[in-house]
Amino acid sequence: MPSAASTFTTRPEIAGTFGVVSSTHWIASQVGMSILEKGGNAFDAAVAAGLTLQVVEPHMNGLGGDAVLIACEADGKPKVICGQGVAPARATIAHYKGEGLDLVPGTGLLAAVVPGAFDAWMVMLRDYGTMTLAEVMSPAIGYAENGFPILPGVAGAVSSVAEIFKTEWTSSAALWMRGGDIPAAGALFENKTLAATYKRLLAEGAAAGPNREAQIEKARKAYYQGFVAEAIGRFCADNAVMDVSGTRHKGVLSAEDMAAWQAPVEDPATYDYRGVTVCKAGPWSQGPVLLQLLALLKGFDVPAMDTTGPEFIHLLVEAKKLAYADREAYYGDPNFTKVPLEALLSDAYNAERRKLIGDTASRDLRPGTPPGSAYRLPAFQTAEVKKVIAGMGGFGEPARVESDALARETYRDGGASAMARQGRAARGPAEGDTCHLDVIDRWGNVVACTPSGGWLQSSPTIPELGFCLGTRAQMFWLEEGLPASLRPGSRPRTTLTPSMALKDGKPWLAFGSPGGDNQDQWIAQFFIRHVDHGLNMQAAMDAPMLQTDHWPNSFFPRVARPAKVQLESRFPAATIETLKAKGHDVEIGGDWSLGRNAAAKREGKLLKAAATPRLQQAYAVGR
């Protein structure tokens, strides 16, 4: 394998000693750095950058969305702050079945859970930060009030749902299509209503007096027990909204649901791999998939393999199939279902699972059976089946899944291919995508954050708030008895999966990526190239990426594509032909179409960061 020093990269790996920030938007990265410059720590910087991402990437996340954070003080232990809200009290399978549904719609109000992002940011600021609400909220308020440049993906997102905005979601049209026009990429855009919401949260916090922690608590109360919760409850109760099912439904999320929830703080799930300890959120997320994947790969001589060669790709793809199959069989909110995670990560279990990796591509979904466990898989569709799915081509307009290519282009490539080539919305109107953010400060504090949800194209704007609700409930199954079945008070099995790695017990590497189900796939390729092959972080991101879509997607309409592997076209022709000979259904994407990784690392006093060049918006900064 080429050494890190000899490998061309699209950008330098950023290095310095004061601080580094890497995120999926250059403005957020610079906002984070500005907070470090003002004396804030990594946690202050992450909160300011995270709130800014809600403004500048509104098709990827919002104030009504979710966020999963991993925070670690320089000499402390990592903690997961769960900003993944729960299903409302009235969100029962019986209710959704009574609405004539077999799947939770991917759009509209029925897919809303308690929005968790704001509380997660506030918990981190309270427990780990040093700055005031005003200091960390000011950048987001400024960009919302004074304007921010519209990304091509934002313009594409509005374009993709322009008709439903005009005919059904008129509050969204009023915000995003002023004068009936789609905002132009690069144009300055203001969301003064959102700015007013931030400012009111800030003002209500300030009313608590000069104490920083008291202000944060008052702002949390204003969001979850005050004017924000009241507006959300009214909107869900009063509006029957057209969604991807082709019919109108009122929401079930209430102000009481909001008031009953707070972001929990948990220990991470961990796995030791080649001298580092990898930390992920628990099995209420897909995070442990990466840990299972590493447990499988640890039995092979991965460092000796060419990561663009067929031997490595075949191994990686087949191992991912096994790890994700266990996700489908066992992962869910541990408050409601027993997840045998210790067994799933055990050496004995993975030694047996490795035996299933043969010389040809598997076309089956094959969960394992740890001692004392049993599973039942949900019913799901494969892309080979030609089936009418209402609303797949729009809202209320039935469309037919006629080919794997349509399923891939609309739902399965993480949004990167479509947006990079066309500036269009991510994966159609039912889905948006995600953001990622990593920060390390000069004291050695490290944070990895993956915010998402509240996409402008997936739910109507709440007029008095300037943002919309998330649609994470689409990750529940409307079948009883599954780990990820819909249950009031349960967390959906979120795809949000920030990562942190420790060396000698201290935080070393923060990393992650947007991409829905693809997040841990793209993260794994980055991590293996960096840890096993010594590529620097930028080179590990720039190298060709791949993904497989073998298992049912977490997003509506929950389609699986058995044995499908998508590769960026920069992989060698010989690799592609060998994979086809092994039975993989290979599809070739654009040169730079897969993956949106960001990462930051500390090596003693030296701090480093990198960000993907894909989509031409992520940026790493530092000094």
Side-chain angles (χ1 to χ4, degrees), residues 1-16 20-26 29 152-153 290 302-303 305-310 312-313 316-317 413-421 433-438 440 448 499 501 509-515 518-548 565-576 588-601 603 606-622:
M1 292 296 298
S3 69
S6 65
T7 301
F8 171 80
T9 59
T10 58
R11 303 168 174 180
E13 183 184 65
I14 299 297
V20 289
V21 184
S22 180
S23 86
T24 48
H25 197 293
W26 68 90
S29 296
L290 177 63
V302 173
M305 297 179 185
D306 178 357
T307 62
T308 63
F312 172 76
I313 294 173
L316 180 66
V317 168
D413 69 352
S417 295
M419 287 190 291
R421 289 197 306 274
D433 206 336
T434 298
C435 310
H436 187 76
L437 166 68
D438 302 303
I440 306 178
S499 306
L509 178 68
F511 57 111
S513 174
N518 302 317
Q519 287 181 33
D520 279 306
Q521 298 199 59
W522 297 340
I523 290 167
Q525 291 165 79
F526 159 78
F527 183 76
I528 290 165
R529 285 167 171 155
H530 186 53
V531 171
D532 285 322
H533 295 96
L535 294 181
N536 74 34
M537 292 187 295
Q538 193 64 53
M541 292 176 192
D542 286 357
M545 288 282 177
L546 65 99
Q547 69 189 51
T548 179
V565 178
Q566 188 173 0
L567 303 172
E568 288 184 334
S569 59
R570 293 179 292 135
F571 280 93
T575 293
I576 294 169
I588 305 303
D591 286 357
W592 300 89
S593 58
L594 303 176
R596 292 184 63 207
N597 290 283
K601 181 175 70 169
E603 296 176 337
L606 189 62
L607 310 178
K608 298 181 178 181
T612 181
R614 296 163 179 87
L615 296 190
Q616 300 183 30
Q617 66 180 64
Y619 238 83
V621 296

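For the single chain, residues carry numbers from 1 onward in sequence order.
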#### Entry: Shortest non-hydrogen separation from T575 to G309 and the atoms involved
OG1-CA, 3.6 Å
### Set of ring pair (Phe, Tyr, Trp, His ring centres under 6.0 Å) partners for F511, sequence neighbours left out
F526, F527
### Query
Taking atom OG of S593 and atom CG of L567, what is their separation to the nearest 0.5 Å?
9.5 Å
### I440 versus A600, closest heavy-atom pair with distance
CD1-C, 3.6 Å
### Task
Measure from the side-chain N and O atoms of E568 to the backbone N and O of I588, and report whether any donor-acceptor pair falls under 3.5 Å.
no
## Note on the structure
The reported gap from NZ in K601 to NZ in K608 (rounded to nearest 0.5 angstrom) is 5.0 Å
### Query
Restricting to pairs with a member in residues 518-543, which pass salt bridge (Lys or Arg N to Asp or Glu O under 4.0 Å), not counting sequence neighbours?
R274-D532, K280-D520
#### Entry: Under 3.5 Å: donor-acceptor pair, side chain of Q547, backbone of W522
no
### Query
Just by modelled atom types, is the A618 backbone N or O under 3.5 Å from a matching donor or acceptor in the H25 side chain?
no
### Task
Nearest 0.5 Å please: distance from the OG atom of S513 over to the CD1 atom of I523.
6.0 Å
### Query
Which atom pair, heavy atoms only, marks the closest approach of S22 to A611?
OG-CB, 3.5 Å
### Message
Please check: side-chain N/O of T612 versus main-chain N/O of N597, any donor-acceptor pairing under 3.5 Å?
### Response
no
### Query
Take atom CD in Q616; do more than 12 heavy atoms of anything else shown fall under 6.0 Å from it?
no
### Query
If you measure from CD1 on I528 to CG on L316, what distance do you get to the nearest 0.5 Å?
5.5 Å
### Message
With heavy-atom distances below 4.5 Å as the criterion, would you say the side chains of V21 and D438 are in contact?
### Response
no
### Task
Provide the closest heavy-atom pair for V621 versus S29 in the form atom of the first, atom of the second, distance.
CG2-O, 3.5 Å
### Task
Indicate yes or no for a side-chain donor-acceptor contact from H533 to the backbone of V302 under 3.5 Å, with no hydrogens or angles considered.
yes
### Query
Distance from N518 atom CG to R596 atom CZ, nearest 0.5 Å?
12.0 Å
### Message
Closer than 3.5 angstrom, by distance alone: can the side chain of T9 be matched with the main-chain N or O of Q538 as a donor-acceptor pair?
### Response
no
### Message
So, taking the atom named CG in L546 and the one named CZ in R570, what distance separates them when rounded to the nearest 0.5 Å?
### Response
11.5 Å
### Task
Using modelled atom types only, decide if a donor and an acceptor are shared between the side chain of H530 and the backbone of L535 within a distance under 3.5 Å.
yes
### Taking every non-hydrogen atom, the tightest pair across A620 and I14
O-CG1, 3.6 Å
### Task
Grab the two heavy atoms, one from P613 and one from T10, that are nearest each other, plus how far apart they are.
CG-OG1, 3.5 Å
